[in-house]
> 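Next up is a structure, given as structure tokens.
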Amino acid sequence: MALLRFPPSLSASSPRLSSNPSHFLARKPLIGGKEVHGVAMAKGSGGAITGLVFSPFEELKLRPEVAMVPVEADKSLARFKYSDKCEAAVNEQINVEYNNSYIYHAMYAYFDRDNIALRGFAKFFKESSEEEREHAEKLMEYQNKRGGRVKLQSILMPVSEYDHSEKGDALYAMELSLALEKLTNEKLLHLQKVAEQCKDVELMNYIESEFLGEQVEAIKKISEFISQLRRVGPGHGVWHFDQVLLHGDGVHG
């Protein structure tokens with residue numbers, strides 16, 4: 001880490017300050033009873049305060065934690081107020097999203113088999129898998145943007161058979177999908193809680209704006225699919241529902 005060298009402070013001849021020395025009152029004015037660093041006060045001819053002038057280089061001299069710039073090749077220049085705890089939590093969420101993508105891809109492979117032949121369900125789960133992967137990549141991009149390091153973790157092997165003696169495969173797989181989306185929502189809320197504990201407002205806003213609303217929509221849509229599948233029953237009802245997924249809007253949020 002290296003401390004930046006700053007240019008001399010603003011002189012009295014600077015257009016931002018009055019050229020009259022008597023107009024310059026203080027380097028550290030009091031605002032609300034507190035001393036403010038890196039700010040100069042100026043006064044008019046009548047002695048009244050005309051405004052505050054921000055002096056960034058003076059303030060940086062008093063805040064070395066901001067002025068430090070890494071010189072090591074393996075250190076991030078962009079990292080600022082990004083805690084190790086938030087970095088680790090983002091990496092955990094990346095793993096959650098990749099696991100979701102892997103599970104949905106397994107569902108796609110199952111319904112695409114010739115002895116299952118529900119191409120609408122296969123399409124739906126393939127698109128779901130791609131969307132979860134996109135979520136993981138968005139979090140990876142965010143991690144790099146904040147100066148963190150992406151550390152990919154192991155992915156567990158998902159089940160490959162989804163037939164259920166009572167519910168059938170279509171309803172059973174969709175119920176698993178709903179449980180998965182609810183769990184993902186819980187994980188995202190945990191990530192936002194970690195950001196709140198670390199007072200990382202930027203991360204909190206990012207999770208809320210990019211993920212949470214979309215997750216609520218996904219839970220609602222899959223819940224409706226389950227209700228419809230329960231109504232139509234097995235056999236021809238599932239085939240008809242499959243055709244809707246195949247030719248209609250099968251992508252959940």
Side-chain angles (χ1 to χ4, degrees), residues 86-114 116-146 148-164 167 169-195 203 206-226 229 241-242 244-253:
C86 285
E87 179 183 2
V90 170
N91 279 331
E92 289 177 6
Q93 189 62 37
I94 291 171
N95 182 254
V96 168
E97 303 293 344
Y98 269 127
N99 270 284
N100 292 349
S101 178
Y102 210 36
I103 293 170
Y104 281 137
H105 224 168
M107 291 180 177
Y108 150 72
Y110 171 85
F111 287 101
D112 191 54
R113 281 160 39 178
D114 68 285
I116 305 299
L118 292 173
R119 292 189 296 157
F121 281 88
K123 174 190 173 186
F124 173 78
F125 288 124
K126 182 179 181 181
E127 291 172 343
S128 299
S129 176
E130 292 169 351
E131 185 176 347
E132 297 299 328
R133 181 182 176 90
E134 288 175 3
H135 290 172
E137 290 175 352
K138 284 176 66 174
L139 288 166
M140 292 169 73
E141 291 172 2
Y142 181 84
Q143 186 80 289
N144 286 334
K145 185 184 296 184
R146 292 296 302 274
R149 291 293 179 266
V150 174
K151 295 182 179 179
L152 298 180
Q153 304 168 18
S154 299
I155 299 177
L156 297 177
M157 183 180 71
V159 298
S160 57
E161 300 293 330
Y162 295 92
D163 191 26
H164 192 280
K167 300 178 181 179
D169 48 10
L171 176 58
Y172 178 57
M174 202 61 75
E175 288 182 349
L176 288 177
S177 176
L178 178 60
L180 197 62
E181 294 297 333
K182 287 182 176 180
L183 179 61
T184 302
N185 190 61
E186 189 176 88
K187 295 291 186 180
L188 287 166
L189 291 173
H190 172 71
L191 174 57
Q192 191 181 43
K193 187 67 175 180
V194 171
L203 178 55
Y206 180 74
I207 296 302
E208 181 175 357
S209 62
E210 296 293 329
F211 294 97
L212 290 180
E214 185 177 324
Q215 202 66 34
V216 170
E217 292 178 3
I219 291 172
K220 173 66 161 53
K221 190 164 190 176
I222 297 174
S223 297
E224 291 176 348
F225 286 172
I226 291 173
L229 284 168
F241 188 92
D242 180 75
V244 174
L245 289 179
L246 183 60
H247 301 294
D249 179 19
V251 181
H252 69 267

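Side chains are part of it too, since the values below use all heavy atoms of this structure and drop only hydrogens, waters and symmetry mates.
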> Taking the six-membered ring of Y108 as reference, does the NZ or CZ atom of K126 fall below 6.0 Å from its centre and within a 45° cone about the axis?
yes

> Between H135 and T184, is a side-chain contact (heavy atoms from CB on, under 4.5 Å) present by the stated rule, with each step listed?
CA-CA 11 Å; H135 290 172; T184 302; over 6 Å; no

> Can you tell me how far CD of E208 sits from CG of L189, rounded to the nearest 0.5 angstrom?
10.0 Å

> Give the C-alpha distance, both sets of side-chain angles, the deciding distance and a yes or no for side-chain contact (heavy atoms from CB on, under 4.5 Å) between F241 and L118.
CA-CA 10 Å; F241 188 92; L118 292 173; over 6 Å; no

> Between E181 and A218, which heavy-atom pair has the shortest distance, and what is it?
OE1-CB, 4.1 Å

> Would you check if D242 and F111 make a side-chain contact, meaning some heavy-atom pair closer than 4.5 Å?
no

> Using side-chain heavy atoms (C-beta onward) and a distance below 4.5 Å, is Q93 in contact with H190?
no

> Taking the side chain as every heavy atom from C-beta outward, state whether E186 and L183 have any atom pair closer than 4.5 Å.
yes

> Please walk me through it: do I116 and F121 pass side-chain contact (heavy atoms from CB on, under 4.5 Å)?
CA-CA 10 Å; I116 305 299; F121 281 88; over 6 Å; no

> For K138, is the NZ atom crowded, meaning more than 12 foreign heavy atoms sit under 6.0 Å from it?
yes

> Which pair of non-hydrogen atoms, one from I207 and one from L188, has the smallest distance, and what is that distance?
CG2-O, 3.9 Å

> Do Y102 and H105 have ring centroids that are under 6.0 Å from one another?
no

> How far apart are the C-alpha atoms of E97 and K187, what are their side-chain angles, what is the distance that settles it, and do they pass the salt bridge (charged side-chain N to carboxylate O under 4.0 Å, His left out) test?
CA-CA 10 Å; E97 303 293 344; K187 295 291 186 180; over 6 Å; no

> Taking all non-hydrogen atoms of both residues into account, name the closest pair between I222 and F124 and its distance.
CG1-CZ, 4.4 Å

> How close do A106 and P158 get, counting heavy atoms only, and between which atoms?
CB-CG, 3.7 Å

> Under 4.5 Å between any side-chain heavy atoms of R119 and H247, yes or no?
no

> Could you give the distance from CD (E132) to OG (S128), rounded to the nearest 0.5 Å?
7.0 Å

> Hey, does L191 have a side-chain heavy atom less than 4.5 Å from the side chain of F211?
no

> If you measure only the distance, is there a donor-acceptor pair under 3.5 Å linking the side chains of N99 and N95?
yes

> Could you tell me whether a side-chain N or O of N91 sits under 3.5 Å from a main-chain N or O of K151, the two making a donor and an acceptor?
yes

> Nearest 0.5 angstrom please: S223 OG to M174 CE, how far?
11.0 Å

> Could you check, using the six-membered ring where one of them is a Trp, whether F125 and Y110 have ring centers closer than 6.0 angstrom?
no

> Can you check side-chain contact (heavy atoms from CB on, under 4.5 Å) on V194 and V90, steps first, answer last?
CA-CA 10 Å; V194 171; V90 170; over 6 Å; no

> Say you draw a straight line from OG of S177 to NZ of K182; how long is it, rounded to the nearest 0.5 Å?
11.5 Å

> For a side-chain contact (heavy atoms from CB on, under 4.5 Å) with Y98, tell me which candidate from V96, N100, I94 qualifies.
I94

> With side chains defined as the heavy atoms from C-beta onward, is the minimum distance between E214 and E131 less than 4.5 Å?
yes

> Evaluate the ring planes of Y206 and Y142, with Trp represented by its six-membered ring, and classify them as parallel (under 30°), tilted (30 to 60°) or perpendicular (over 60°).
parallel

> Does a sphere of radius 6.0 Å around NE2 in H164 hold more than 12 heavy atoms from other residues, nucleotides or ligands, not counting ones at 6.0 Å or beyond?
yes

> Answer with yes or no whether the side chains of E87 and Q143 bring together a donor and an acceptor at under 3.5 Å.
no

> Is M107 close to L176 at the side-chain level, that is, under 4.5 Å between some pair of heavy atoms?
yes

